[in-house]
Amino acid sequence: MKFFHLHVQFSVSVNDFNGETERDVFKALLRVNAYNRLEAYCTIDGVPVDILINGSSAQNRAVDGDIVAVKVDPVSFWTRMKGSLVISTCYVPSKDVNSSLEKNENSGSSGNISKQRLETNAKADYTGNAIHSAESDRFSSEIPCHLGLASNIPSVPDNVENGGSFELNDVEEALQKIFCLDGFRKYLDKSKKSLDISAEEFIQFTPIDNKFPKMTVLASDLPDEIRNRLCHFDETVETELLGHNLMQSCSKMLSVHPSSLLRPFSCLPQIPWDIPQVVLQHRGDLRNLCIFTIDPSTATDLDDALSVEVLADDIYRVGVHIADVSYFVKPNTPLDKEAQLRSASVYMVHKKVPMLPPLLSEDLGSLNPGVDRLAFSIFWDINAEGNIIDRHLGCTVIHSCCKLSYEQADDILRGVIGSECNDDGEESVPQVCGNFKLSDVISSVVHLHKISRILNENRLKGGALRLESPKVGFLLDEHGLPSDCFLLTRMDSNLLIEEFMILANKTAAEVISRAFPDAALLLRHPEPNTRKLRDLGHFCSRHGLELDTSSSGAFHKSLELAREKLKDDPVLFDILVLNATKSMQQASYFCTADYKDQEDKWAHYALAVPLITHFTSPLRRYPDILVHRMLAAALEAESYSRCRTGVFGRCFSGIMFDKKATEESIDLREALSTAAMQHGVPSKEVLVELAAHCNERKLASRDVKDATTKLYMWAFLGNKKNFLAEARVLALGPRFLSIYIPKLAIERRIQYDDVERLIVEWLEFTSTVVISLSPYKSRRSYLSKCPRALKDVALIIPTADDFGSVGGQKGDDPSPDSEIDPCVFPLTIRILSTIPVRTLCSGRR
């Protein structure tokens with residue numbers, strides 16, 4: 001039985017554990033290694049390295065995604081990793097060192113004190129001097145620490161002492177009191193008609209996600225249906241338990257059940273609805289401007305539109321028009337609370353769960369063609385060099401004339417769709433309504449593409465980083481099941497939209513940070529993980545590639561040089577981009593009050609901009625609605641001050657900004673305060689909590705999307721008798737190898753022990769693995785995980801020596817169109833070797 005430290009109270013951890021009142025205690029998000037649950041990491045704000053939390057005792061019942069309090073003991077308790085050390089001439093404080101994490105396989109817990117190792121490029125020794133390694137630039141420290149959990153982990157049973165959970169290490173006792181649902185049929189006595197499970201007994205659950213520990217649940221807490229089936233030896237309960245809990249987990253992850261949006265909201269207008277005349281009088285009328293949308297062909301929530309006008313030679317006025325959702329979603333209404341709770345729409349392979357009711361997200365708020373819609377518009381006057389001469393912001397009324405898909409816009413740019421095409425009902429030709437013709441839309445798309453290329457070139461020259469990892473899509477049959485998969489490709493039309501959305505978000509961030517310097521909602525992207533960058537550098541040097549990560553711009557240039565050098569091996573370049581993407585940290589929302597007088601931390605690393613926010617997707621992101629309210633308040637205060645004093649002009653929205661004058665103007669600050677209250681701009685205290693909530697929901701939405709993609713990949717492979725493909729070896733060692741399958745854009749790890757009859761020889765000096773096939777089954781302890789038969793995980797071509805080769809099966813054509821050559825045992829594998837793989841789904845249908 002294992003006991004843990006008591007958890008810290010949530011209120012204490014939030015108020016006190018911020019690194020200020022106690023310098024050795026920090027609040028952080030726990031991330032668990034997907035391949036080794038005992039290895040978890042925390043990122044402490046202000047420290048450019050990860051902290052390793054090693055072992056279950058150190059993790060103190062925290063699971064992946066929990067907010068935890070990390071307590072670090074004094075530096076004098078740290079221990080060094082063995083290696084030759086030389087004294088450096090300068091001292092670097094431990095909280096500012098450029099360090100990273102590395103797992104220590106021999107480290108663990110000692111008594112009630114758990115250890116974590118902090119690897120640094122420069123680290124303090126017992127006397128406070130900085131020490132540097134001449135051997136490998138890699139150092140480790142063991143830091144006695146513990147985690148005080150500050151999240152909503154379910155409470156443990158009341159009968160456990162000190163509120164601690166427990167683990168049963170004795171196998172016999174475990175079999176007597178705990179039923180492992182992963183293979184529980186092995187331990188059932190079927191001579192009995194039923195199994196008597198006491199309500200006080202615990203049932204053990206084995207998660208399919210390796211990041212989560214096995215969990216024990218009181219039998220009384222199980223649904224009656226599940227418990228009854230367990231008692232009557234229903235073996236299918238193993239697979240259905242997954243589905244049962246998946247539904248509960250998804251409902252929790254999505255905050256509320258999707259059907260809650262179907263209930264009527266009194267704050268929404270009745271259908272049919274027209275824009276009130278009083279609203280039209282106070283908005284700019286753009287209904288005679290050629291405005292259109294470019295979205296996925298299946299999109300129903302159209303929240304951004306574009307326009308362009310030629311003002312003079314080589315001067316264009318580009319407009320981005322965003323659905324004014326804040327007009328309908330008023331602060332503190334039931335609809336606002338529902339949207340705030342959800343914070344984001346969830347997009348899955350087969351469907352979406354919207355943040356807002358369909359009446360709003362697909363009708364009244366969506367910029368559908370042929371109808372008047374309320375919008376928030378930004379105009380820029382841009383010259384031939386991509387420089388912004390002037391800009392204007394305002395609330396408007398627009399009338400979109402056309403809904404373009406990305407494919408149609410790309411066809412226009414490639415000349416497939418021209419002015420001579422007939423738009424009368426042809427499916428591939430976009431339909432244009434109102435007073436405009438197809439030629440007007442085509443001309444606008446071409447102009448916008450030209451400008452976007454210039455803006456993109458300027459942005460990359462300014463230090464932006466572009467990482468485009470391969471992504472997979474699915475073709476669904478009439479039953480909604482995946483019939484085929486394909487790699488998604490980015491078109492010029494995607495880049496066109498992306499460029500103008502970045503410009504709009506950057507402009508919105510500038511305006512709200514001027515108006516609300518202590519209470520603006522922005523998006524920051526920290527610099528990459530130091531350790532992973534260094535690992536990426538080692539990877540590049542091993543393969544003759546140069547990598548400069550001194551800045552995002554240098555990083556991008558290095559990748560472009562690598563792309564050119566690897567033009568004959570695009571898969572290796574994809575692997576390089578995949579590893580580069582892994583080094584990136586998550587972008588997150590924050591309130592500017594969190595980083596007052598630290599504006600360097602506002603920056604977005606990948607975009608290489610000093611500040612940015614989210615403004616362009618208010619139908620599917622709640623932070624965008626908050627930003628709209630801030631912009632509306634800023635523009636209203638600006639207009640009021642301009643009318644009253646005639647001095648400031650566009651003090652917030654213009655290109656030039658007189659910070660001192662705006663701060664000293666009492667009338668302007670009073671007008672801004674009044675406008676902020678009217679539009680429901682939250683205080684900085686509330687905004688800090690909203691930013692944290694939106695970050696949590698954003699990650700949950702991403703997790704759901706990733707999970708459904710994996711589920712559809714599982715279903716696709718399950719329908720394939722044999723799916724053969726080539727894979728590249730990413731990493732290998734004495735117990736496993738990691739592979740990348742380009743055709744599926746997935747990375748997987750293969751454990752040698754999971755397959756019977758494999759004989760593995762690890763040649764450490766050359767980092768090579770030699771795999772042979774034994775004619776006999778290996779003898780294993782009853783405690784060992786049961787390996788899978790070789791025939792279940794590989795296609796075997798019998799040969800004269802009865803050993804065989806992997807790749808096909810006698811009398812069975814594995815893939816009529818396959819050009820995959822089999823490999824022959826013994827198989828020698830090195831890093832980046834190309835090997836044939838058989839990909840199949842695990843588990844039962």
Side-chain angles (χ1 to χ4, degrees), residues 266-293 302-307 309 317 319-331 333 335-336 359-360 363-380 390-401 433-436 504 507-508 511-512 515 615 618-619 624-625 627-646 648-654 667-668 670-681:
S266 59
C267 49
L268 282 177
Q270 300 294 319
I271 297 298
W273 177 81
D274 293 320
I275 301 175
Q277 191 64 33
V278 65
V279 175
L280 289 173
Q281 293 174 355
H282 292 86
R283 287 176 175 260
D285 193 343
L286 305 179
R287 288 176 289 182
N288 292 323
L289 188 61
C290 181
I291 297 176
F292 53 89
T293 60
L302 314 180
D303 43 19
D304 58 86
L306 296 169
S307 66
E309 301 171 272
R317 175 165 291 172
V320 166
H321 314 276
I322 307 300
D324 190 359
V325 181
S326 61
Y327 174 84
F328 300 99
V329 185
K330 299 299 184 183
T333 60
L335 180 58
D336 179 56
L359 174 62
L360 184 54
D363 190 354
L364 300 181
S366 181
L367 304 183
N368 299 326
V371 291
D372 294 348
R373 287 292 177 258
L374 301 178
F376 218 121
S377 300
I378 302 180
F379 288 98
W380 304 273
D390 200 1
R391 70 185 184 200
H392 302 267
L393 291 80
C395 296
T396 59
V397 179
I398 69 170
H399 190 99
S400 174
C401 68
C433 57
N435 298 324
F436 300 98
T507 300
V511 175
I512 65 174
F615 157 76
L619 289 175
D624 300 56
I625 296 178
V627 170
H628 277 228
R629 292 171 182 169
M630 294 177 184
L631 279 174
L635 294 179
E636 184 174 309
E638 185 181 79
S639 176
Y640 175 83
S641 178
R642 181 170 60 248
C643 293
R644 181 171 179 176
T645 64
F648 288 103
R650 288 176 288 141
C651 55
F652 297 131
S653 63
D667 288 341
L668 181 61
E670 289 180 350
L672 185 62
S673 178
T674 302
M677 293 182 60
Q678 179 180 345
H679 290 276
V681 176

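If you're wondering where the values come from, they're calculated on a predicted model, not measured in any experiment. Scope of the values below: all heavy atoms of this structure, side chains included, with no hydrogens, waters or symmetry mates.
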Roughly how far apart are [X] [atom1] and [Y] [atom2], rounded to 0.5 Å?
X      : Y      : atom1 : atom2 : result
Ser400 : Leu289 : OG    : CG    : 11.0 Å
Asp303 : Leu619 : CG    : CG    : 4.5 Å
Arg287 : Cys401 : CZ    : SG    : 15.0 Å

Trace of the salt bridge (charged side-chain N to carboxylate O under 4.0 Å, His left out) decision for Asp390 with Arg650: CA-CA 11 Å; Asp390 200 1; Arg650 288 176 288 141; 3.3 Å; yes
Worked check of side-chain hydrogen bond (donor to acceptor under 3.5 Å, both in side chains) between Ser307 and His321: CA-CA 8 Å; Ser307 66; His321 314 276; 2.9 Å; yes
What heavy-atom pair brings [X] and [Y] nearest, and what distance separates the two atoms?
X      : Y      : result
Pro331 : Gly680 : CG-CA, 3.6 Å
Leu367 : Leu374 : CD2-O, 4.1 Å
Ile398 : Thr396 : CG2-OG1, 3.9 Å
Phe376 : Cys395 : CE1-SG, 4.0 Å
Gly365 : Ala323 : O-CB, 3.0 Å
Leu672 : Ala634 : CD1-CA, 4.0 Å

Derivation of the side-chain contact (heavy atoms from CB on, under 4.5 Å) call for Val627 and Ile512: CA-CA 8 Å; Val627 170; Ile512 65 174; 4.3 Å; yes
Test: Lys330 and Asp336 ion pair at under 4.0 Å: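 No salt bridge links Lys330 with Asp336.
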Heavy atoms of other groups near Asp285 CG, more than 12 under 6.0 Å: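 More than 12 heavy atoms, drawn from other residues, nucleotides or ligands, come within 6.0 Å of this atom.
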Report yes or no: does [X] contribute a side-chain atom to a donor-acceptor pair with the main-chain N or O of [Y] at less than 3.5 Å?
X      : Y      : result
Gln678 : Ala633 : no
Arg391 : Trp380 : no
Glu638 : Phe652 : yes
Arg317 : Phe379 : no
Ser366 : Leu302 : yes
Arg373 : Leu364 : yes
Ser639 : Leu635 : no

Any Phe615 side-chain heavy atom under 4.5 Å of Ile378 side chain: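 Result yes, sub-4.5 Å side-chain heavy-atom pair found.
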Under 3.5 Å, which donor-acceptor pairs do the side chains of residues 270-278 form with other protein atoms, sequence neighbours left out?
none

